[in-house]
Amino acid sequence: MKTYEGQLVATGLRFGIIVGRFNEFITNKLLGGALDGLKRHGASEEDITVVWVPGAFEIPLTAQKMAGSGKYDAVICLGTVIRGGTTHYDYVCAEVSKGVAHVGMATGVPTIFGVLTTENIEQAIERAGTKAGNKGFDAALSAIEMANLLKSM
Ligand SMILES: Nc1c(NC[C@H](O)[C@H](O)[C@H](O)CO)[nH]c(=O)[nH]c1=O
Ligand SMILES: CC(=O)[C@@H](O)COP(=O)(O)O
């Protein structure tokens with residue numbers, strides 16, 4: 001039986017990180033978690049590129065450009081979508097999740113969905129470095145694992 005799994009070693013891997021500026025109070029914490037995860041697993045600063053976009057809705061287009069460039073072994077998508085008083089939340093979340101998944105499938109580059117989709121600000125804060133951990137850190141580890149996994153197959 002042959003088993004594949006990606007190693008959690010980021011040394012020599014190139015990462016793109018896309019961050020939505022909307023809810024920047026939260027997304028900045030997600031970025032900090034992602035950078036921490038990458039560096040603590042061996043990634044070099046010069047191998048990390050951070051791109052800020054207006055909001056989560058702009059992430060898929062930017063991810064497509066970065067993943068399609070051939071410059072990155074993985075692209076990490078970070079954002080925070082918090083439900084408001086209208087159905088706008090549903091449309092943003094649906095398009096961002098679908099778009100990010102499509103980019104990974106279309107390019108073959110691991111494109112990691114690190115976008116918080118929460119009912120309220122408290123849930124977002126819990127997932128940006130408090131009681132529920134930091135989803136940016138988790139996304140970084142998924143990026144490292146997937147980049148190594150796909151290289152090994
Ligand atoms: N409400 C949130 C948004 N809305 C903005 C969209 O993402 C987009 O930038 C705008 O519709 C222009 O195309 N974005 C978030 O990231 N989080 C939200 O809670
Ligand atoms: C997720 C959103 O787009 C949301 O923040 C917008 O708020 P509202 O639905 O009250 O316009």
Side-chain angles (χ1 to χ4, degrees), residues 6 8 10 13-41 43-150:
L8 290 177
L13 296 178
R14 304 156 302 163
F15 299 94
I17 305 177
I18 306 167
V19 198
R21 193 175 295 107
F22 205 107
N23 292 318
E24 184 266 341
F25 176 81
I26 302 293
T27 59
N28 231 330
K29 295 292 186 184
L30 298 178
L31 176 60
L35 292 172
D36 184 42
L38 293 178
K39 293 175 185 176
R40 284 169 63 188
H41 288 81
S44 302
E45 284 244 353
E46 56 265 23
D47 288 335
I48 302 171
T49 301
V50 177
V51 176
W52 286 88
V53 295
F57 192 82
E58 284 73 36
I59 289 175
L61 174 60
T62 310
Q64 179 176 271
K65 184 169 182 67
M66 295 181 78
S69 71
K71 297 178 182 176
Y72 307 99
D73 296 300
V75 174
I76 301 164
C77 302
L78 303 176
T80 300
V81 189
I82 301 173
R83 189 181 294 277
T86 73
T87 56
H88 193 238
Y89 167 91
D90 301 303
Y91 292 97
V92 172
C93 292
E95 291 309 311
V96 175
S97 55
K98 191 168 48 183
V100 168
H102 173 76
V103 169
M105 296 289 284
T107 65
V109 175
T111 307
I112 306 303
F113 185 72
V115 179
L116 299 183
T117 55
T118 67
E119 294 299 321
N120 53 55
I121 292 174
E122 291 74 21
Q123 287 180 348
I125 292 171
E126 288 173 357
R127 290 155 179 78
T130 62
K131 63 191 289 188
N134 188 307
K135 298 306 179 185
F137 184 95
D138 297 346
L141 266 60
S142 294
I144 297 166
E145 181 172 355
M146 283 304 297
N148 285 316
L149 173 64
L150 297 192

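The shown structure was predicted, so the numbers you read here are calculated from the model rather than taken from an experiment. Just follow the structure's listing: the first ligand is 1, and inside any ligand the first atom is 1.
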For a side chain to side chain contact (heavy atoms under 4.5 Å, CB included) check, start with the C-alpha distance between Leu35 and Ile17, then their side-chain angles and the critical distance, and finish with the verdict. CA-CA 9 Å; Leu35 292 172; Ile17 305 177; 3.8 Å; yes

As a check for students: among Thr80, Ile121, Val53, identify the option with a heavy atom nearest to atom 17 (N) of ligand 1.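 Residue with the shortest heavy-atom distance to the ligand atom: Thr80.
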
Among His88, Glu58, Glu95, Glu24, which one has a heavy atom closest to atom 8 (C) of ligand 1?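 Minimum heavy-atom distance to atom 8 (C) of ligand 1 goes to Glu58.
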
Tell me which one of Leu31, Thr62, Leu78 satisfies side-chain contact (heavy atoms from CB on, under 4.5 Å) with Trp52.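 Running side-chain contact (heavy atoms from CB on, under 4.5 Å) over Leu31, Thr62, Leu78 with Trp52 returns exactly one hit, Leu31.
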
Which residue in the set Leu13, Leu141, Ile48 passes side-chain contact (heavy atoms from CB on, under 4.5 Å) when paired with Leu38?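 Output: one option passes, namely Ile48.
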
Ignoring angles and geometry beyond distance, decide whether Gly85 reaches within less than 3.5 Å of ligand 2 through its nitrogen or oxygen atoms.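 For ligand 2, there is an N or O atom that lies under 3.5 Å from one belonging to Gly85.
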
Are any of the N/O atoms in Val81 less than 3.5 Å from those in ligand 2?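 Between Val81 and ligand 2, no N or O pair is found under 3.5 Å apart.
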
[atom]: which protein heavy atom is closest, and how many Å away?
atom	answer
atom 2 (C) of ligand 2	His88 ND1, 3.5 Å
atom 16 (O) of ligand 1	Ala56 N, 2.8 Å
atom 7 (O) of ligand 2	Gly84 CA, 3.7 Å
atom 5 (C) of ligand 1	Phe22 CD1, 3.8 Å
atom 6 (C) of ligand 1	Phe57 CB, 3.8 Å
atom 5 (O) of ligand 2	Ile82 O, 3.3 Å

Is atom CD of Glu45 surrounded by more than 12 heavy atoms (other residues, nucleotides or ligands) closer than 6.0 Å?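 No - once you tally the heavy atoms of other residues, nucleotides and ligands closer than 6.0 Å, there are 12 at most.
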
Provide the number and element of each atom of ligand 1 under 4.0 Å from a heavy atom of Asn23.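 Matching atoms, with element in brackets: 17 (N), 18 (C), 19 (O).
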
At a 4.0 Å threshold, what atoms of ligand 1 neighbour a non-hydrogen atom of Ile82?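 Those of ligand 1 that fall under 4.0 Å from Ile82 are 19 (O).
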
Considering only heavy atoms from C-beta outward, does the side chain of [X] approach that of [Y] to under 4.5 Å?
X	Y	value
Asn148	Ile144	yes
Arg83	Asp90	yes
Met66	Val51	yes
Lys135	Leu116	yes

I need the contact type for Thr87 against ligand 2. Using non-hydrogen atoms and a strict under-4.0 Å cut-off, is it side chain, backbone, both or neither?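 Under 4.0 Å from ligand 2, Thr87 contributes no heavy atoms.
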
Looking only at heavy atoms, is any part of Thr86 under 4.0 Å from ligand 2, and if so is it the side chain, the backbone, or both, or is it neither?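 Both of them.
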
Would Asp73 and Arg14 pass as an ion pair if we require N to O under 4.0 Å?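 A salt bridge is present here (some side-chain N lies under 4.0 Å from a carboxylate O).
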
